[in-house]
Amino acid sequence: MNYDIADPSRAEEGARRVAWAGRRMEVIASVRERFRKERPLEGHVIAACLHVTAETANLMLALRDGGAEPILAASNPLSTQDDVAAALVAEGISVFAIRGEDSDTYYKHIHAVLDHAPAVTMDDGADLATILHTERRDLEVIGSTEETTTGVIRLRAMAADGTLRVPVVAVNDSATKHLFDNHYGTGQSSLDGIIRASNILLAGQNVVVVGYGDCGRGVAARADGMGARVIVVEVDPIRALEAAMEGFRVLTADEAAAEGDVFITVTGNKHVLRPRHFDRMKDGVILANAGHFDIEIDLDSLGRSATERRSVRENLEEYVMEDGRRILVAAEGRLVNLGAAEGHPADVMDMSFTNQALAAEWLIRNEGHLEPQIYTLPEEIDREVASIKLRRLGGGLEELTADQVEYLASWTEGTA
Ligand SMILES: NC(=O)c1ccc[n+]([C@@H]2O[C@H](COP(=O)([O-])OP(=O)(O)OC[C@H]3O[C@@H](n4cnc5c(N)ncnc54)[C@H](O)[C@@H]3O)[C@@H](O)[C@H]2O)c1
């Protein structure tokens with residue numbers, strides 16, 4: 001086994017956190033139990049490029065118990081939990097990830113997992129898939145899975161221009177992923193990241209949420225619940241209207257720039273906050289990003305116009321502008337929930353990663369029968385994942401009567 005991690009001696013500390021997360025991941029635990037008996041992934045190398053967190057470790061262990069040889073690299077240079085990486089290595093799983101690694105090391109690690117000639121690749125942001133379609137076209141895989149909105153957008157673009165050469169399961173498109181992970185996970189953990197980085201009170205602050213998609217609406221709802229005055233910036237009129245009807249002020253980015261105290265970008269787009277907005281901002285504003293890549297805030301331009309740049313707290317950097325205003329940036333503009341906090345809580349990653357494990361199984365079971373296109377997992381899988389999670393939360397599920405089933409399928413019964 002080979003690996004490249006920060007400190008193997010932290011394995012015990014990491015194992016405790018992996019076990020703690022595992023206690024709240026009952027759905028994947030039930031899949032893991034079945035995997036142990038059926039071994040559906042036997043003999044297959046699965047290369048994963050995911051955030052190296054305690055929750056991901058539970059996915060890696062489930063894949064291993066299913067017979068696979070999982071290999072893990074980080075999907076973001078700042079999200080790796082070094083103790084968790086050590087715990088996985090102690091379990092015999094190869095990990096190539098060091099928190100804070102530079103860009104060269106990040107890509108060296110991605111190539112290291114691909115060097116294991118995987119049967120399946122598992123991505124969060126499509127970095128493995130991109131390299132499979134560029135520098136490593138020599139590698140043949142059964143298929144790939146993709147965790148996040150931004151990755152799915154990139155892969156759909158590849159499918160649209162005919163570049164895609166492998167079947168891909170868009171895990172993000174499963175209802176039990178994006179409706180829960182993106183909304184409740186990002187909603188809570190992004191604010192957690194901003195609070196850990198700054199220790200500010202959100203109540204009474206003008207919090208600007210840029211992007212009101214699955215993630216943005218979660219962030220807005222949670223900020224509202226904590227007493228912030230939420231302002232939404234959107235380019236889509238329907239989503240903007242939804243935000244307005246939810247009771248939020250909806251402004252242009254220019255207007256919001258002048259009013260916000262805290263800004264959270266979560267669009268999957270580039271430079272949604274840029275010099276024209278920085279110019280209008282108040283002294284002491286905090287900028288954070290929860291979208292996949294660190295390009296939502298134009299930090300290069302901010303850096304160029306700043307006269308001074310200094311760290312004020314862990315994960316919080318201050319840019320001093322020529323006119324003396326200070327603009328603070330959390331977690332280097334990278335995913336704030338993973339850079340400054342611990343990512344999504346295990347409760348929600350349970351569902352996302354169950355979908356990942358089942359997607360790998362589905363690709364392997366359907367080897368040779370799939371086209372190079374984007375697939376969504378069958379709806380029964382989504383419903384099963386939701387049912388198990390609901391049971392674990394103590395919820396009961398009503399069943400349709402035979403009469404109701406017939407009524408819903410017919411058109412003859414109308415106004416009595
Ligand atoms: N932080 C995390 O842990 C986490 C979790 C899930 C997804 N993500 C990432 O968050 C991003 C958003 O994901 P999502 O599922 O909410 O996507 P989404 O497509 O549902 O929502 C994005 C929204 O941003 C809007 N938008 C685009 N450009 C804009 C602009 N210039 N100004 C204002 N609004 C703009 C779009 O109209 C859309 O409504 C993606 O990059 C995704 O990969 C992060």
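We number each residue from 1, following the sequence as shown. All ligand and atom numbering here is 1-based and tracks the order in the structure. The analysis underlying the following values was restricted to heavy atoms, covering all of them including side chains, and did not include hydrogens, waters or symmetry mates.
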In terms of atom number and element, which parts of ligand 1 are under 4.0 angstrom from non-hydrogen atoms of [X]?
X	value
R239	18 (P), 19 (O), 20 (O), 21 (O), 38 (C), 39 (O)
V210	32 (N), 33 (C)
H344	2 (C), 3 (O), 5 (C)

Is there at least one pair of N or O atoms, one from [X] and one from ligand 1, spaced under 3.5 Å apart?
X	answer
K177	no
N182	yes
N337	yes
C215	yes
A290	yes
N269	yes

Practice item. Let me know which of R229, R249, K282 forms a side-chain hydrogen bond (donor to acceptor under 3.5 Å, both in side chains) with E259. Key: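 When R229, R249, K282 are each tested with E259, the side-chain hydrogen bond (donor to acceptor under 3.5 Å, both in side chains) holds only for R249.
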Return the residue, atom name and 0.1 Å-rounded distance of the protein heavy atom closest to [atom].
atom	value
atom 15 (O) of ligand 1	T149 OG1, 2.7 Å
atom 4 (C) of ligand 1	T186 OG1, 3.7 Å
atom 21 (O) of ligand 1	G213 CA, 3.2 Å
atom 31 (N) of ligand 1	V272 CG1, 3.3 Å
atom 43 (O) of ligand 1	T148 OG1, 2.6 Å
atom 10 (O) of ligand 1	G291 CA, 3.5 Å

Check your understanding: For K177 and S352, which heavy atoms make the closest approach, and how far apart are they?
Key ->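 Looking at all heavy atoms of both residues, the closest pair is CG-OG, 3.8 Å.
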Check your understanding: Any idea how Y212 and F248 line up, ring-wise: parallel (<30°), tilted (30 to 60°), or perpendicular (>60°)?
Key ->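 Perpendicular, since the angle between the ring planes exceeds 60°.
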Practice item. Decide side chain to side chain donor-acceptor pair (under 3.5 Å) for T148 and N172; before the verdict, give the C-alpha distance in whole Å, the side-chain angles of both, and the deciding distance to 0.1 Å. Key: CA-CA 5 Å; T148 197; N172 186 69; 4.9 Å; no
Please set out all donor-acceptor pairs under 3.5 angstrom arising from side-chain atoms of residues 363-374, sequence neighbours excluded.
unit_1 : atom_1 : unit_2 : atom_2 : d
R365   : NE     : E361   : OE2    : 3.3
R365   : NH2    : E361   : OE2    : 2.7
N366   : ND2    : W362   : O      : 2.8

Practice item. Quick one: pull up CE in M122 and OG1 in T56 and give me the separation to the nearest 0.5 Å. Key: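 That separation rounds to 10.5 Å.
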Exercise for review: Select the closest option to atom 40 (C) of ligand 1 among I238, T150, N289, I264, judged by heavy-atom distance.
Suggested key: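 It is T150 that holds the nearest heavy atom.
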Let me check something: any side-chain donor-acceptor pairs from residues 385-399 under 3.5 Å, sequence neighbours excluded? List them with distances.
unit_1 : atom_1 : unit_2 : atom_2 : d
S387   : OG     : R383   : O      : 2.7
K389   : NZ     : D347   : O      : 2.8
K389   : NZ     : D350   : OD2    : 3.0

Practice item. Would you check whether H178 reaches within less than 4.0 Å of ligand 1, judged by its heavy atoms? Key: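 Outside the 4.0 Å threshold, so no.
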**Study point:** side chain to side chain contact (heavy atoms under 4.5 Å, CB included) partner of H344, chosen from T53, D192, N182, T186
**Key:**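 Single side chain to side chain contact (heavy atoms under 4.5 Å, CB included) partner of H344 among T53, D192, N182, T186: T186.
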Exercise for review: Could you tell me whether the side chain of R10 reaches within less than 4.5 Å of the side chain of Q81, counting heavy atoms only?
Suggested key: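 Not touching, per the 4.5 Å side-chain cut-off.
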Point to revise | Candidate pair T307 and E322, rule side chain to side chain donor-acceptor pair (under 3.5 Å), full reasoning | key: CA-CA 6 Å; T307 54; E322 259 175 18; over 6 Å; no
